[in-house]
Amino acid sequence: ITYEVMIPGYAQHLLAGKLGQHISLYTLEYLEGSLATGGNLVPRLIGFPHSEERTFFQRFTSVKGMGMRKALKALSMPISRVAGAIEAKDAKLLQSMPGVGKRLAEQMIVELSGKLDEFALVAAAQRGDTSDWAQAHSEALEILLQLGERRADAQELIERVRQVDADMDRTEQIVQAVYRLKAGQPAGRTSQ
């Protein structure tokens with residue numbers, strides 16, 4: 001028995017280098033077609049390199065007007081970037097995705113904004129970041145949000161801190177560095 005597994009566009013380059021190797025995909029099965037028009041229902045499989053991406057896809061396809069096929073085509077960029085655009089209410093970036101117009105971009109923002117928090121860390125995990133960094137990033141983000149920072153701004157500042165000092169993996173160091181950046185000072189560690 002052979003199964004065809006569809007994958008989103010962003011995953012193609014990830015899997016292209018693994019040709020001939022064993023890989024694991026986190027799959028989602030759905031039925032395509034319509035009994036109402038007298039057609040057949042055809043089972044389809046969609047595969048994702050990481051389980052978080054499958055979860056994101058399920059939320060992404062809950063948006064009115066976003067079907068399975070349309071979502072597969074639209075996801076030409078990593079989900080962390082899409083989730084970031086939705087959280088930042090960046091309709092222009094969302095409209096740059098294949099098959100997404102102004103109305104659908106706005107619908108995604110309305111329906112999903114504030115519901116994609118956990119996907120902000122997917123990019124870090126996919127880059128092979130250490131769990132210390134991912135944990136510290138998550139905690140720093142939560143602290144910054146509690147202190148009144150906007151999510152998109154906080155994520156951008158945390159990423160800028162990481163670019164300055166990739167070895168910074170303690171929550172309090174990251175938060176302090178973010179506020180040094182905001183104050184126009186260098187984000188690197190200070191001697192304590």
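Excluded from the calculations below are hydrogen atoms, water molecules and symmetry mates; all remaining heavy atoms, backbone and side chain alike, are included.
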Check your understanding: Shortest non-hydrogen contact from Ile7 to Gly47?
Key -> CG2-O, 3.4 Å
Review point. Does CG in Leu19 sit with more than 12 non-hydrogen atoms of other residues, nucleotides or ligands closer than 6.0 Å?
Key: no
Study note, to complete from the structure: Between Ala83 and Phe56 the two heavy atoms that sit nearest each other are CB-CE1, 4.0 Å
**Study point:** Heavy-atom closest pair, residues Ala74 and Val100
**Key:** CB-CG2, 3.9 Å
Review point. Within the distance-only criterion (no hydrogens, no angle test), does the side chain of Arg54 pair as donor or acceptor with the backbone N or O of Thr27 below 3.5 angstrom?
Key: yes
Review point. Does Val42 belong to the same Ile/Leu/Val/Met/Phe/Trp/Tyr cluster as Met68, with side-chain heavy atoms less than 4.5 Å apart forming each link?
Key: no
Study note, to complete from the structure: Correct closest heavy-atom pair for Glu87 and Leu116 would be OE2-N, 3.1 Å
Exercise for review: Answer yes or no: is there a donor N or O on one side and an acceptor on the other, between the side chain of Arg160 and the main chain of Leu181, under 3.5 Å?
Suggested key: no
**Study point:** Gln21 atom CD: more than 12 heavy-atom contacts under 6.0 Å
**Key:** yes
Check your understanding: Between Gln107 and Lys64, is there a donor-acceptor pair closer than 3.5 Å when you use the side chain of the first and the backbone of the second?
Key -> no
**Study point:** Glu32 side-chain N/O to Leu41 backbone N/O, donor-acceptor pair under 3.5 Å
**Key:** no
**Study point:** Residues forming a side chain to side chain donor-acceptor pair (under 3.5 Å) with Ser113, sequence neighbours excluded
**Key:** Lys89
Exercise for review: Could you tell me which residues satisfy side chain to side chain donor-acceptor pair (under 3.5 Å) with Glu106, sequence neighbours excluded, listed by chain and number?
Suggested key: none
Point to revise | Minimum heavy-atom distance between Val63 and Leu112, given as atom pair plus value | key: CG2-CD1, 3.5 Å
